[in-house]
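Below you'll find the structure, written out as structure tokens, and then a few comments.
Lettering follows sequence order; numbering is per chain, from 1.
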Amino acid sequence: MSDRYQPQEVEASIYRLWEEHQAFKALDVSTKPPFSIILPPPNVTGFLHLGHALNMSIQDCLIRWKKMNGFNVLWLPGTDHAGIATQVVVEKHLQKMGLNREQLGREKFLEKVWEWKRETEDRIYSQLKRLGGALDWSRATFTLDEGVSRAVTKVFVSLYRKGLIYRGLRLVNWSGPLQSAISDLEVEFKEVKGRLYLIKYPLTDSNEHLIVATTRPETLLGDTAVCVHPKDDRYQRFIGKKVRLPLIGREISVIADESIDPQFGTGVVKVTPAHDFNDYKLGRKYNLDFINILDKMCYLNENAGIYRGLSVTEARRRIVHDLKESDLLVKEEPHIHQVGHCSRTGAVIEPLLSEQWFVKMSGLAQPARAVVESGTITLEPEAWIKTYLHWLNNIEDWCISRQLWWGHRIPAWYCQVCSHVYVDERQPGQCEKCGNNSWKQDEDVLDTWFSSALWPFTTLGWPAQTEALKTFYPTSVLVTGHDILFFWVARMIMMGLEFVKDVPFRKVYLHGLVRDDQGTKMSKSLDNSIDPIDVIEKYGADALRFNFLAHIHSGKDFQFSEERVQGYRNFINKLWNAARFVLTRVSVASFEGIHGPSLAAFDRWILQRLWEVERDVEQGLEQCRFSDAAHLLYHFVWNDFCDWYIEFSKVNWLEIAPDEKENSQKVMLFVLDRIIALLHPFIPFVTEEIFQKLPYREGQLCILQNYPTTRLDKELKNFFSSESAFEVELLKAVLHSIRQIRGENRISPAQEIGVKLRVFDEKTQKILGNYRKMLMLLGRISSLEISPEVRAKKAAVSRIVLGNSSVTVAVPLEGLVNIEEEIKRLTKAIEKAEKTLKELERRLSQEAFLKNANPEVVEHDRQQSQVLRVQIQTWTEARERLLRNEEFLV
RNA sequence: AGGGACUUAGCUCAGUUGGUAGAGCGCCACCCUUACAAGGUGGAUGUCGUCGGUUCGAAUCCGGCAGUCCCUACCA
């Protein structure tokens, strides 16, 4: 074994080992209880970033943990075609080669996208493998796979027949660059510094005019009314009259509606039902004309008269100019407002009237709300429940058609003769209305989230009632970022309830987003996104995973830092070296047959600590508190096992009889064995690599072991001993005192020192006497005196109080060090203790405290203040003697 | 505009029923003591955003204020 763990040399072969043993395979039928997670399918837009690595680290930890706990686990991989996103990426890619999709035509273009999909999917899957994902690859699914597509069509048809999907001419969010409608969720609102224009609208029957306030003067071309508040005294006399539209002269009515805020602008609003969501409602309510002035590219169309062909911004400039010329512009002022932008292209969203398909949401939302309210599905962190419910309560119908090519084609056909619309899973024969057989399928595809909403059951074979579906649905937990709670999570819940009549998962764990070390969101456009492979190659997959698991806290965003990964790489190396020590120094073949009665105190102590760690790690994982569990293990390995247990054992083994040594070595081997298993879900590669080196584990796999729990290791309790635990704590405290004196007095670790221990009771004296050699070696002591009466001159002194035992540690400093240093040290210690003591005494002197506080707290404070008094007295005396340079009883 | 948070050591963050402030990294000092220098030992560092309230006692519970962030939302 090398003295450094070399992840790049072992990770690939370890992953291969797992695959060869089919360690990730889930069984459709099994007597074991099921545990299933569907991997949120990454988009085939490009490679995975650190956010995915975080997401998958959590899932893989759960999967391996549950597997080791005896569950029949399924972690199902897949990828998402990601309609708009992928189409945009591929179009950009083609653009570089001087191609565009119109040139290629639908079929050729789709071939290109499929080509892209194959490449990126390969890359994504290899990234997941590099990260160590225990995914059942035999079940990998793509959202456009035939089975999934059939299911998507079936769901569409079914919802259509139930009247939950309808087609209609509606005002939708239109993205000019995409030439497609997008859903409300895909619109991002940004604050924009615009202008508010006040424009004169002359009355037809008088010389008066109304002044309209608008941020979008160009849309006046599509105005079909002007609206005021019915109770607005300023304008009541105009209601019902007509005004002449500036520049184009069309006559429109003045109407009144309560929705108008008289305080805003002039209190007069132009109504453009075909280009504004508020105006659309007014248009429907008052039966106004809908005049569409934009084409699919968001240029002005034939209804714009002389402005035809202009872009929206050009048109705005021209119209403002023309209004000024005609003296119709009263005023323009700066105005900050929220404007919707396309989340994919960044273009300003134009509300546009167009024929689209919608899902009626209110009926589907109700049960989805109920299952979260009732706790059938739990959200972690719970803070999201409120957000989730609020969204469902205010849900609007979902526009699911997209004017794209990449995606699930909408299963609707239009009769070319009589325009009859036919929706079915297959193309129809004769038209039931007119008897002709001339059909054209709808050109549009479905919103990518439509198929994602079905993912938990389509991946398991639905609509067929497969064994997999029976076994693994509902899935156990969904792990995903909180950014897609509405896009995905909510819709899966609706569709699962609608089509499988059960929730898609029992628990949702929402984690934060990964940010860079400056705290900004990682994104490709900012060029700050990191390929996890780069990190893995530098530090290993385990270090990256542990970094996430040790640092993820209840849904908070995660600030990535390479230094921290490096820190956990060091931890993994520490583990590696501990294992190396055990494997090279321990000569027993297995840990079987540990003989309880002859165990040393350290052995008992480490076994007890192990038991406690097993208990607490299990609790942490049960509660999805990954960082708690990770830190527990980190400190157990580094501090308890390496710093103390191995160091104690090294010395202990020098002294004891061969059979006792063997017994003790079994304990060390056992603890290492358990550590490896405990850490496996967090850092699978290094643990498996070490496991493979355990001689008695030949032919086995770490991933297939039982996870150490207090149930599995219940016999550990037989080894517990409070006296042993006390002995270990006492030794630790004495050694720490000696090292502290050494460190603070700058006595070199190479310099051996004399130490005198004054003990105040026989029991402690006996214990310390038994560990004389231990103390001397670990404390680098040349002469050690242990006695009830210890005299010293020019000595550094420290007082330990532990339970009923008390020890004074004295280190003669003559010739070693400047006495002034020690006086400073003592003074500092005394001051600190006095400060604490003062606070405790103040508290204990309050009658209210003694009366109201928990008796345990009072007792604790009493004891603690007694300890402090003893310490202060010892130190104060020592300081005086040092000053007077005389021998004293320490 | 409504909602949800967050504010703790130089940095990133823990702190689960209120009871003497913690970790990792960084920093300082001394050490290549044969598992590990990707290491060892010791050390320093915080009016827990601010003001008030409840309490014997508040980082922790309640309220006001300030700052930061996120989500939802058609304000012309």
Any base atoms under 4.0 Å from [X], or only sugar-phosphate, or nothing? Heavy atoms, all strands.
X        : result
A:Glu839 : nothing
A:Ala750 : nothing
A:Ser561 : nothing
A:Tyr634 : sugar-phosphate
A:Asn854 : base
A:Lys574 : base
A:Arg4   : base
A:Cys227 : nothing
A:Phe571 : nothing
A:His275 : nothing
A:His482 : nothing
A:Lys270 : nothing
A:Gln338 : base
A:Lys281 : base

Ring centres under 6.0 Å, that's the criterion: do A:Trp644 and A:Phe648 meet it? yes
Does A:His551 have its ring centroid less than 6.0 Å away from the ring centroid of A:Phe558? yes
A:Glu333 atom CD, over 12 foreign heavy atoms within 6.0 Å: yes
Ion pair present between [X] and [Y], side-chain N to carboxylate O less than 4.0 angstrom?
X        : Y        : result
A:Glu752 : A:Arg780 : no
A:Glu562 : A:Arg564 : no
A:Glu689 : A:Lys693 : yes
A:Lys650 : A:Glu647 : yes
A:Arg869 : A:Glu841 : yes
A:Lys824 : A:Glu744 : no

Checking only heavy atoms, does the side chain of [X] share a donor-acceptor pair with the base of [N] at less than 3.5 Å?
X        : N     : value
A:Lys556 : B:A5  : no
A:Glu647 : B:A35 : yes
A:Arg746 : B:A29 : no
A:Gln864 : B:U20 : yes

Watson-Crick or G-U stems of RNA chain B, 3 or more pairs, under 3.5 Å, by first number: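 For RNA chain B the paired stretches long enough to count as stems (3 pairs minimum) are B:1-7 with B:66-72, B:10-13 with B:22-25, B:27-31 with B:39-43, B:49-53 with B:61-65.
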Go through the side-chain N and O atoms of A:Asn745 and A:Glu822 and say whether any donor and acceptor fall under 3.5 Å apart. yes
Grab the N/O contacts between the protein and nucleotides 58-63 of chain B below 3.5 Å, and write none if there aren't any.
none

If you check the A:Arg625 side chain, which of B:C71, B:G15, B:G19 turns out closest?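 Nearest listed nucleotide: B:G15.
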Find which nucleotide of RNA chain B each of A:Arg585 and A:Gln846 is nearest to by heavy atoms, and output the residue with the more 5' nucleotide.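 Mapping each residue to its closest nucleotide by heavy atoms, the 5'-most match is A:Arg585.
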Report the residue (A:Asn394 or A:Gln623) whose heavy-atom-nearest nucleotide on RNA chain B is the more 5′ of the two.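 Whichever sits nearer the 5' end wins; that is A:Gln623.
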Is it the case that the side chain of A:Glu186 and the backbone of A:Ser183 share a donor-acceptor pair, with hydrogens and angles ignored and the cut-off at 3.5 Å? yes
Sticking with atom C1', work out how far B:C61 lies from B:U41, rounded to a whole angstrom. 42 Å
Determine the interatomic distance between P on B:U60 and the same-named atom on B:U55; round to the nearest Å. 16 Å
